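This one's a predicted model, so the numbers in the text were calculated from it and none came from an experiment.
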Amino acid sequence: MDKFLINGPCKVKGQVVISGSKNASLAILAATLLFDKPVEIKNLPAVRDIDTMLKLLKSLGLKIAINKNNKSVLISRSKNINNLASYSLVKTMRAGILVLGALVAKNGKAITSLPGGCLIGARPVNFHLNSLKKLGMKYFIKKGYIYAKIKNNLVGSEIKFPKISVGATENTIIASCLAKGRTILKNCAIEPEIKDLTNFLKKAGARIKWVGKRTVVIDGVKSLNSISYSVMGDRIECGTFCVAAALSEGNLKIKGFDPRLINTELNLLKQLGAKIKKTNNEILIKGSKIIKNVKHLVTKEYPNFPTDLQAQLMVLLCKAEGRSIITENIFENRFMHVAELRRLGAKILIKNNKAIIEGNTKFEGAELMSSDLRASVALVLAAIVAKGRSIINRIYHLDRGYEQLENKLKKIGVNIKRIS
């Protein structure tokens with residue numbers, strides 16, 4: 001099993017290019033099941049979750065032609081369609097559930113394994129199932145599989161999500177594109193990755209319109225057109241590199257991402273002392289010698305501070321002056337990195353979903369264990385500024401969502417090595 005060897009402290013400086021968004025790509029790839037005609041998806045990140053999703057689509061009867069040189073994939077429908085999304089492919093990846101809406105809408109039935117992914121919380125699929133049921137899907141669950149079918153077509157409906165859910169919003173939008181009549185979805189998640197999904201579907205001829213902040217209206221169509229589409233940059237990767245610069249007194253130019261999509265995160269880093277300049281598709285960020293604390297930060301749905309950057313920010317607050325508090329509002333097991341940060345010298349107290357962080361930590365290198373995707377990268381950030389050598393085990397979590405992380409870090413001055 002691979003691990004990282006990091007010798008710190010390091011200062012990040014230079015330039016980094018952000019890869020395509022993992023989360024946007026997964027939803028868009030699931031939506032390709034709706035098409036009869038070929039679709040080209042560009043700017044796909046070379047990460048494990050994307051490989052898994054492509055294998056899943058292939059198992060469902062899509063033809064996949066990968067062009068590694070230009071990070072694109074051409075997807076077309078074969079005659080041998082299969083409706084079984086097996087546990088072996090869905091178990092490692094939460095986004096596997098997104099094929100459910102597409103399969104039912106296009107093929108009239110699906111057998112989909114209940115999904116896996118990082119062990120960061122319950123993340124139930126009932127919101128997905130309840131909204132698809134309102135469109136006319138009948139289902140039962142047996143031995144870890146969802147058996148779903150429809151009579152003729154899904155039929156448009158008005159649905160209000162009881163709680164904002166990224167996955168349920170995506171699944172229902174995808175399914176509604178081919179439903180008969182009009183669907184109105186209220187209390188939707190509005191993450192940039194969801195807007196990227198709807199932009200993709202609109203370009204292919206889907207009739208989708210955002211009205212108000214969290215409402216989307218979809219008029220069903222019979223079929224979608226063949227298109228080529230480039231996925232947006234990865235918001236969480238961009239935020240992670242911003243934190244790396246702020247943490248290490250770095251000086252970093254970040255290219256390939258629209259800074260307007262992370263205004264909340266950039267404004268917070270400015271408050272903590274980082275100097276930031278933004279242009280159309282670039283961010284220039286300089287870390288400060290003195291990092292200020294934050295009285296109380298709460299993770300919430302977009303456009304608020306994202307749960308996927310909470311672990312990375314916690315590392316920064318360990319180096320801040322004074323005490324900071326983070327309340328984790330999205331996932332109940334999202335503090336799994338804390339025990340490992342303590343091994344490096346962090347002083348963090350957990351009370352239910354609250355982390356109380358005492359600042360001015362002098363991190364000392366240690367051997368560490370990754371627990372999930374975002375926790376893993378937080379340990380990498382801490383090791384970058386720790387004194388001495390750190391070993392980070394189980395980095396396969398990282399490979400699920402960060403493209404060539406060690407190569408990107410090497411280019412900006414981090415002493416990091418992958419060892420098998």
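In summary, K408 and E237 engage in a salt bridge, as defined by a charged side-chain N under 4.0 Å from a carboxylate O. A salt bridge between R394 and D372 is absent, with no side-chain N of the basic residue lying under 4.0 Å from a carboxylate O of the acidic one. Using a 4.0 Å cut-off between a side-chain N of Lys or Arg and a carboxylate O of Asp or Glu, K417 and E406 do not qualify as a salt bridge. Ion pairing of K71 with E403 is present here, as a side-chain N (NZ or NE/NH1/NH2) and a carboxylate O approach within less than 4.0 Å. In summary, R235 and D308 do not engage in a salt bridge, as defined by a charged side-chain N under 4.0 Å from a carboxylate O.
Around the NZ atom of K202, the shell of radius 6.0 Å holds more than 12 heavy atoms that belong to other residues, nucleotides or ligands.
The closest side-chain heavy-atom distance from I325 to K354 is below 4.5 Å. Taking 4.5 Å as the limit, every side-chain heavy atom of E265 sits out of range of all side-chain heavy atoms of L268. I348 is listed as a side-chain neighbour of M314, based on a closest heavy-atom distance under 4.5 Å. Contact check for L373 versus K22: side-chain heavy atoms found under the 4.5 Å cut-off. Counting heavy atoms from C-beta outward, I164 and R214 have side chains that approach closer than 4.5 Å.
Between N153 and K222, the side chains place no donor N or O within less than 3.5 Å of an acceptor N or O (distance only, hydrogens not considered).
Using modelled atom types, no side-chain atom of N171 and backbone atom of G167 make a donor-acceptor pair closer than 3.5 Å. One N or O on the side chain of K203 and one on the backbone of S228 form a donor-acceptor pair closer than 3.5 Å. Side chain of S21 to backbone of A24: a donor-acceptor contact under 3.5 angstrom is found. In this structure, K149 contributes its side chain and V104 its backbone to no donor-acceptor pair below 3.5 Å.
Between Y402 and F4, the distance from one ring center to the other does not fall under 6.0 angstrom.
Residue pairs meeting the ring-ring contact (aromatic ring centres under 6.0 Å, His included) criterion with at least one member in residues 136-173, sequence neighbours excluded, are F140-Y147.
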Next item on the list: Take V73 and N67 through the test side-chain contact (heavy atoms from CB on, under 4.5 Å) and record every step on the way to the result.
Entry: CA-CA 6 Å; V73 62; N67 185 334; over 6 Å; no

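With sequence neighbours excluded, the residues satisfying salt bridge (Lys or Arg N to Asp or Glu O under 4.0 Å) with D219 are R182.
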